[in-house]
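This report concerns only the one structure given below.
Small disclaimer: the values here were computed from a predicted structure and weren't measured. Counting convention: from 1, in listed order, for ligands and their atoms alike.
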Amino acid sequence: MSTQPPQAGTGPEISIRGLHKSFGDNEVLRGIDLDVAHGEVVCVIGPSGSGKSTLLRCVNLLEEPTKGQVYVGGTEVTDPDVDIDAVRRRIGMVFQQFNLFPHLTVTENLTLPQRRVLRRDRATAARIAAQNLKRVGLAEKADAYPSSLSGGQQQRVAIARALAMGPEVMLFDEPTSALDPELVGDVLAVMRSLADEGMTMMVVTHEMSFAREVADRVVFMDGGVVVEDGEPAQVIGAPRHERTRHFLSRLLDPAMAEVEEETSDQVGGKTP
Ligand SMILES: Nc1ncnc2c1ncn2[C@@H]1O[C@H](COP(=O)(O)OP(=O)(O)OP(=O)(O)O)[C@@H](O)[C@H]1O
Ligand SMILES: [Mg+2]
């Protein structure tokens with residue numbers, strides 16, 4: 001049995017054990033077991049409603065699990081006595097929507113949480129903001145307002161804001177799905193460089209080329225369970241489960257999926 005809690009410094013960076021989450025009588029996560037090693041990049045894929053966002057949100061306690069444990073760096077974050085704020089400081093999260101403050105400059109967006117949450121002084125926060133803007137290739141936008149930036153640039157600012165807090169782990173929930181196609185590449189390039197630096201990352205994404213090239217593992221979820229978990233080449237290239245194959249075929253060829261659906265409707269005897 002792998003139910004032993006990991007020990008600080010020796011076990012996986014993220015460890016999820018028997019995780020369940022229900023909203024009312026809707027059981028969204030039905031027993032997830034997943035480990036992410038230090039420095040590992042795990043991409044989570046799966047159909048809409050399969051529980052991907054809920055899984056990430058349970059890792060940093062934006063949602064409280066109904067049952068099960070989550071450990072980050074050996075600390076049980078689901079322990080009722082845990083200091084939630086201390087836990088969240090160790091985990092950076094990037095969402096589909098960037099949620100930057102429109103009335104603050106890029107630098108101010110990065111310094112505000114450092115000063116409020118980490119109590120850094122103004123000069124230190126500004127120095128760390130500058131370092132992280134450089135890291136995402138936006139040093140020259142330090143004094144700009146978010147509205148003057150492209151969606152891709154705003155998302156890179158949101159990544160820099162998370163990095164400025166010095167997280168041990170980064171969670172990304174479809175960070176490029178709100179972007180115009182031509183802006184996706186720059187955001188993925190920043191994420192790839194973070195992966196190369198050894199950041200531990202869980203990434204919900206439908207960018208299969210990113211998953212193939214950058215992820216150490218790909219996890220396919222459906223109906224609140226992990227259906228398949230393995231190397232990208234295997235899960236994407238040679239899925240073992242029919243549900244994974246079906247999902248990937250729809251993702252890679254939506255036109256084909258439509259034909260398939262029409263055909264199965266006809267087989268099911270439904271007439272328009
Ligand atoms: N706060 C909430 N209250 C009630 N139900 C919720 C809440 N958050 C999520 N759900 C439900 O949980 C299920 C899983 O949602 P979740 O957002 O985790 O799926 P997802 O895999 O991220 O989907 P998508 O690909 O569309 O983002 C859905 O049925 C959703 O309606
Ligand atoms: Mg989601």
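For ligand 1, the atoms lying closer than 4.0 Å to a non-hydrogen atom of S50 are 19 (O), 21 (O). When each atom of ligand 1 is checked for a heavy atom of P47 under 4.0 Å away, the hits are 21 (O).
Checked against a 3.5 angstrom limit, the closest N/O atoms of V28 and ligand 1 fall outside it. For ligand 1, the polar-atom distance check against T54 finds a nitrogen or oxygen pair separated by under 3.5 Å.
Proximity of I45 to M208: side-chain heavy atoms (C-beta onward) are separated by under 4.5 Å at one or more points. Two residues are said to be in side-chain contact when any heavy atoms from C-beta on lie closer than 4.5 Å; L34 and L55 meet this criterion. Contact of the M221 side chain with the V44 side chain is registered, since non-hydrogen atoms from C-beta on lie closer than 4.5 Å. Between E13 and E40, the closest side-chain pair of non-hydrogen atoms is not below 4.5 Å.
At least one heavy atom of G51 sits under 4.0 Å from some atom of ligand 1. E174 counts as a contact of ligand 1, since one of its heavy atoms falls under 4.0 Å from the ligand.
Around the CD atom of E231, the shell of radius 6.0 Å holds no more than 12 heavy atoms that belong to other residues, nucleotides or ligands.
Per-atom contact check: atom 27 (O) of ligand 1 touches the protein, criterion being a heavy-atom distance below 4.0 Å. When distances from atom 7 (C) of ligand 1 to the protein are checked, a heavy atom turns up under 4.0 Å.
Residue, atom and distance of the protein heavy atom nearest to atom 23 (O) of ligand 1 are G49 N, 2.8 Å. Distance from atom 17 (O) of ligand 1 to its nearest protein heavy atom, with residue and atom name: S53 CB, 3.7 Å. Among protein heavy atoms, the minimum distance from atom 9 (C) of ligand 1 is reached at F23 CE1, 3.5 Å. With respect to atom 25 (O) of ligand 1, the closest heavy atom belonging to the protein is K52 NZ, 2.7 Å. Scanning the protein for heavy atoms near atom 29 (O) of ligand 1, the closest one is N26 ND2, 3.6 Å.
Taking 2.8 Å as the criterion, S48 does not count as a coordinating residue of the Mg ion (ligand 2), since none of its N, O or S atoms falls below it.
The pair R243-E228 fails the salt-bridge criterion, with no side-chain N (NZ, NE, NH1 or NH2) lying under 4.0 Å from an Asp/Glu carboxylate O.
Of the residues listed (Q154, R161, R156), the one engaging F98 in a side-chain contact (heavy atoms from CB on, under 4.5 Å) is Q154, and it is the only one. Under the side-chain contact (heavy atoms from CB on, under 4.5 Å) rule, L171 has a single partner from V204, L62, V59, which is V59.
Residues D222 and S50 have side chains that never bring a donor and an acceptor to within less than 3.5 angstrom of each other.
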